[in-house]
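Before any comments, here is the structure.
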2 protein chains.
Amino acid sequence: MSTPRQAARGRRPGTPDTREEILRAARDLFAASGFAATSMRAIAARAGVDPALVHHYFDSKADLFVSALQVRVDPRQALLPVIEAGPDGAGERLLRVLLTVWGDEESRTPLLGLVRGILEPAGATLVRDALFGLVLGPVRHGLGIDQPERRMALVASQLAGIVLLRYVVEAPPLVAMTDDELVASYAPTIQRYLTGPLPDRPLTRAAPEA
Amino acid sequence: MSTPRQAARGRRPGTPDTREEILRAARDLFAASGFAATSMRAIAARAGVDPALVHHYFDSKADLFVSALQVRVDPRQALLPVIEAGPDGAGERLLRVLLTVWGDEESRTPLLGLVRGILEPAGATLVRDALFGLVLGPVRHGLGIDQPERRMALVASQLAGIVLLRYVVEAPPLVAMTDDELVASYAPTIQRYLTGPLPDRPLTRAAPEA
DNA sequence: GTCTATAGACGGATAGAC
DNA sequence: GTCTATCCGTCTATAGAC
């Protein structure tokens, strides 16, 4: 019904692509309900297979979780253009990468599952490390900016808010805005966090009194 | 151990304040692990009472959830100073209210429970409505600004990101920053969302072609 | 490779003794 | 008001027939 199958000539595999069906079902359900609230039974039912079959392909629920949520976008590669062109305009470029990745249905679903996993006790640290290590890390090291940790935290707080309200909560005004409108609204903020003035002194240890 | 008891003269209540103990335990656990991952048994164990006793005081788990997460801060009252002084500087005032409320241990715990509930299927709409209705609503109506829906959504996206990264994920750079540093970093953003230029035309329906 | 059956644990909720 | 005992549901995971 979904994927057009090419005429298999040699030996027909016992199962066409049951494993893939399970992965698709798992992806959808994890994205919609998170890790804990999604049961293996529900995944099996959606995929139209027996619950035991799910265990046959994947050792545990956690195993299925990480398998289903493999994002096909390599952050390091996607962020290369953001970094290479230097700090000027990096805010807009970073934002456009975010909107592109989340705008693609293919990559949005697994990402939603990951985000839903953030607020669950188990996956909190895992996802946090992934976010900072894979996404913000390259940008931080690639751009030559001062106080990179603090600046990237500011950037992350705005990007996380956008993702949360536009793609998870689906706040109507944000959903209605076009990519260009979003860029016009948010790019100045991101850019200021990246290269604008910061309240604290950069790296000087002792602050003279008078 | 906790509350100093005044010498009860008349009839001693059978229980000192077991109900309050249960509420405290529920608040802590809901804040730490969310709704689904917190069991009634765990709450009873933490409160040092029998699981059945929890059901005696509260009809259901959902009932206990809403009872435990009653925030003692009335948003309408807390936000009055933000609104009354008009749009100028409203960004900083709004931000300071947020930091004050979340800075108080007393109110932070129930708020954490509410936030954790956002990403769970059950409480999503409930919490979203509460957030927009109680917090952003008064500000939107109180300040005389154009395109209030869109502006409040922009504001909400930044505030939500701050809450998520500073109080839920606890990103070190954000935790380390003082309130004044946070205000210096974020107030300009909030203010621009409230009163700055917006990409779209305000309320004009038809945009002339040429 | 696919399924039936079930183990083993934990969850919320209830009835009723004291 | 507090507790014991228990029902009934759902879950993950496994063993084994076909």
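Because the structure is predicted, anything quoted here is derived from the model rather than measured. We use all heavy atoms of the structure for the numbers below, so side chains are in, but hydrogens, waters and symmetry mates are not. Residue numbers begin at 1 in each chain, while the letters A, B, ... track the order of the sequences.
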| message | Ring centroids only, cut at 6.0 angstrom: are A:Tyr193 and B:Tyr186 within range, meaning strictly under it? | response | yes

| query | Below 4.0 angstrom, N of the basic side chain to O of the carboxylate: do B:Arg96 and B:Asp180 qualify? | reply | yes

| request: Fill in the dot-bracket string of DNA chain C, one character per base: . for unpaired, | for a pair to another strand, ( ) or [ ] for pairs within the strand, taking Watson-Crick or G-U pairs under 3.5 Å. | output: ||||||||||.|||||||

| Are the side chain of A:Arg166 and the backbone of A:Leu174 linked by a donor-acceptor contact shorter than 3.5 Å? | yes

Taking only N/O atoms, report every protein-nucleotides 3-10 of chain D pair under 3.5 Å with atom names and distance.
residue: D:dT4; atom: OP2; partner: B:Asp50; partner atom: OD2; Å: 3.1

| task | Using a cut-off of strictly less than 4.0 Å, decide whether B:Tyr57 has a side-chain nitrogen or oxygen near OP1 or OP2 of D:dG1. | result | no

| said: Rounding to an integer number of Å, can you tell me how far B:Leu64 CG sits from C:dA13 P? | reply: 10 Å

| task | Indicate yes or no for a side-chain donor-acceptor contact from B:Arg151 to the backbone of B:Asp146 under 3.5 Å, with no hydrogens or angles considered. | result | yes

| C:dG1 P sits how many Å from A:Asp17 CG, rounded? | 14 Å

| query | Just how far, in rounded Å, is C1' of D:dC11 from CZ of A:Phe35? | reply | 12 Å

| said: Rounded at 0.5 Å granularity, tell me how far CG in A:Leu159 sits from CG in A:Leu164. | reply: 12.5 Å

| field | Integer-rounded Å distance: C:dC10 C1' and A:Lys61 NZ | value | 13 Å

| Are a donor atom and an acceptor atom from the side chains of B:Gln191 and B:Thr195 found within less than 3.5 Å of each other? | yes

| task | Take the protein atom CE of B:Met40 and the nucleotide atom P of C:dG12, then report the distance between them rounded to whole Å. | result | 7 Å

| message | Rounded at 0.5 Å granularity, tell me how far CD in A:Gln70 sits from CG in A:Leu114. | response | 9.0 Å

| Taking atom types as modelled, is there a side-chain donor on B:Thr189 or A:Gln158 under 3.5 Å from an acceptor on the other? | no

| note | To the nearest angstrom, the CG-C1' distance between A:Asp63 and D:dT14 comes to 16 Å

| request: State whether A:Asp28 and A:Arg46 are salt-bridged, where the test is any N-O pair (Lys NZ or Arg NE/NH1/NH2 against Asp/Glu carboxylate O) under 4.0 Å. | output: yes

| Euclidean distance, atom CD1 of residue B:Ile22 to atom C1' of C:dG12 [Å, nearest integer] | 15 Å

| For the pair made of NE2 in A:His55 and C1' in C:dT4, what is the distance, rounded to whole Å? | 15 Å

